[in-house]
Every structure is written in structure tokens, then in C-alpha cells.
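Just so it is clear, the model here is predicted, and its values are computed rather than measured.
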Amino acid sequence: QVQLVESGGGLVQAGGSLRLSCQASGRTFSSYPMAWFRQAPGKERVIVAGISSSGGSTYYEDSVKGRFTISRDNAKNTVYLQMNSLNYEDTAVYYCAASAQYAFGDITYIPRTRTAYDYWGQGTQVTVSS
């Protein structure tokens, strides 16, 4: 069982930056591909960025490429999402997720679908004022 706790959300002006953190419990964190999803009001939860278990591969949804950076520190059981040049469309609840289905597999693989992730944090609100 893995527990995930997000932090770092808040209110920021357009053009500003935030850094989200996701602290994971458990001894096998380094084996899980991780991802950040977001869900805006009335919309589906979608992947924003993902990172392989090794940290050597990353994935970004097109709208955040060049602005967001995902990283992980396996020694600290933590994954991060650095968000720069934020705009109104980035307003959403952001969720951290871990994929147990793909743990202990290809260390470069990043699942991209919601159903591939088994553990979820409680979410952290990011609000960007225009």
C-alpha cells in the first residue's frame, strides 16, 4: 500500500510559478512510475506529466511542455512538479499518482492513462488569477 500526500498548491497570478510536492510512504517508491494529473471543474482528470521509476524518462502533455518540469527524489520518496508561466487554463485540482501495475517493470516506461495508476493523493488546488 502506498499513501501519497500532495502539497504546494495555492493562488498565484498569471505568469507566476508554483512547485508541487508529493510525499509517498512505503519502501518501494523507487519502483513506481509516477505522474501528476489535473482536473478542472466539469472536466475529466487528465495526465499533465509523468516520470519513469528511474527518473530517466519523462512525459508532458502538450499544453505544459516547456513550462512544467516533473522530477523525483527516490531517496526522499518525493516527486515534484515545477510549474512556471502559469495561466488561467492551468487552474485545477492537481493529483499525484503512482502506478503499481507497472512497478518492477521497464524502468523507462511511463503509463499515460488514468486507469494505469493505482494510488492517488487527495489533491491540491492550484488557482491562477488572470
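Across all non-hydrogen atoms, the minimal contact from Pro33 to Pro111 is CB-CD, 3.6 Å. Residue Asn84 comes nearest to Ser17 through the heavy atom pair OD1-OG, 2.9 Å, listed as atom of the first residue, atom of the second, then distance. Between Ala49 and Leu81 the shortest heavy-atom distance is CB-CD1, 4.1 Å. Of all the heavy atoms in Lys43 and Gln39, the pair that sits closest is O-NE2, 3.1 Å. A pairwise comparison of heavy atoms in Arg38 and Tyr94 identifies NH1-OH, 2.9 Å as the closest pair.
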Intermediate values then yes/no, side-chain contact (heavy atoms from CB on, under 4.5 Å), Thr69 and Tyr60: CA-CA 8 Å; Thr69 302; Tyr60 297 97; 3.8 Å; yes

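Taken from CZ in Arg45 to CZ in Arg114, the straight-line distance is 4.5 Å, to the nearest 0.5 Å. Here the OG-OH distance, from Ser53 to Tyr102, works out to 13.5 Å after rounding to the nearest 0.5 Å. Once rounded to the nearest 0.5 Å, the distance linking CD1 of Ile107 with OG of Ser54 reads 4.5 Å. The CD1 atom of Ile51 lies 6.0 Å from the OG atom of Ser71; values are rounded to the nearest 0.5 Å.
Although no hydrogens or angles enter the test, the distance criterion places no donor-acceptor pair under 3.5 Å between the side chain of Ser31 and the main chain of Phe104. For Asp118 (side chain) and Ala100 (main-chain N/O), a donor-acceptor pair under 3.5 Å exists by modelled atom type.
Residues Val12 and Val64 share a single hydrophobic cluster, defined by chaining ILVMFWY side chains whose heavy atoms lie under 4.5 Å apart. A chain of hydrophobic side-chain contacts below 4.5 Å, direct or via other Ile, Leu, Val, Met, Phe, Trp or Tyr residues, connects Ile70 to Met83. Leu20 and Ile47 end up in different hydrophobic clusters when Ile, Leu, Val, Met, Phe, Trp and Tyr side chains are linked at under 4.5 Å. No single ILVMFWY cluster, assembled from side-chain heavy atoms under 4.5 Å apart, contains both Leu4 and Ile110. Follow the hydrophobic side-chain contacts under 4.5 Å out from Met34 and you reach Phe68 in the same cluster.
In Tyr88, the OH atom is not crowded: 12 or fewer heavy atoms of neighbouring residues, nucleotides or ligands sit closer than 6.0 Å.
Using modelled atom types and a 3.5 Å distance limit, the side chains of Glu61 and Ser63 yield a donor-acceptor pair. Looking at Asn77 and Gln23, their side chains never bring a donor and an acceptor atom within 3.5 Å of each other. For the residue pair Thr78 / Asp73, no side-chain donor-acceptor distance below 3.5 Å is found, with atom types taken as modelled.
A heavy-atom distance below 4.5 Å is found between the side chains of Asn87 and Arg67. With contacts defined as side-chain heavy-atom distances shorter than 4.5 Å, the pair Val79/Cys96 qualifies.
Under a cutoff of 6.0 Å and an axis angle of 45°, Arg72 and Tyr80 do not form a cation-pi pair.
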Taking only distance into account, with no hydrogens and no angle test, what donor-acceptor pairs under 3.5 Å do side-chain atoms of residues 121-129 form with protein atoms, sequence neighbours excluded?
unit_1	atom_1	unit_2	atom_2	d
Gln122	NE2	Glu6	O	3.4
Gln122	NE2	Glu6	OE1	3.4
Thr124	OG1	Gly9	N	3.3
Gln125	NE2	Ala92	O	3.4
Gln125	NE2	Thr127	OG1	3.3

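Legend: ring-ring contact (aromatic ring centres under 6.0 Å, His included) pairs involving residues 21-40, not counting sequence neighbours, sorted by first then second residue: Phe37-Tyr117, Phe37-Trp120.
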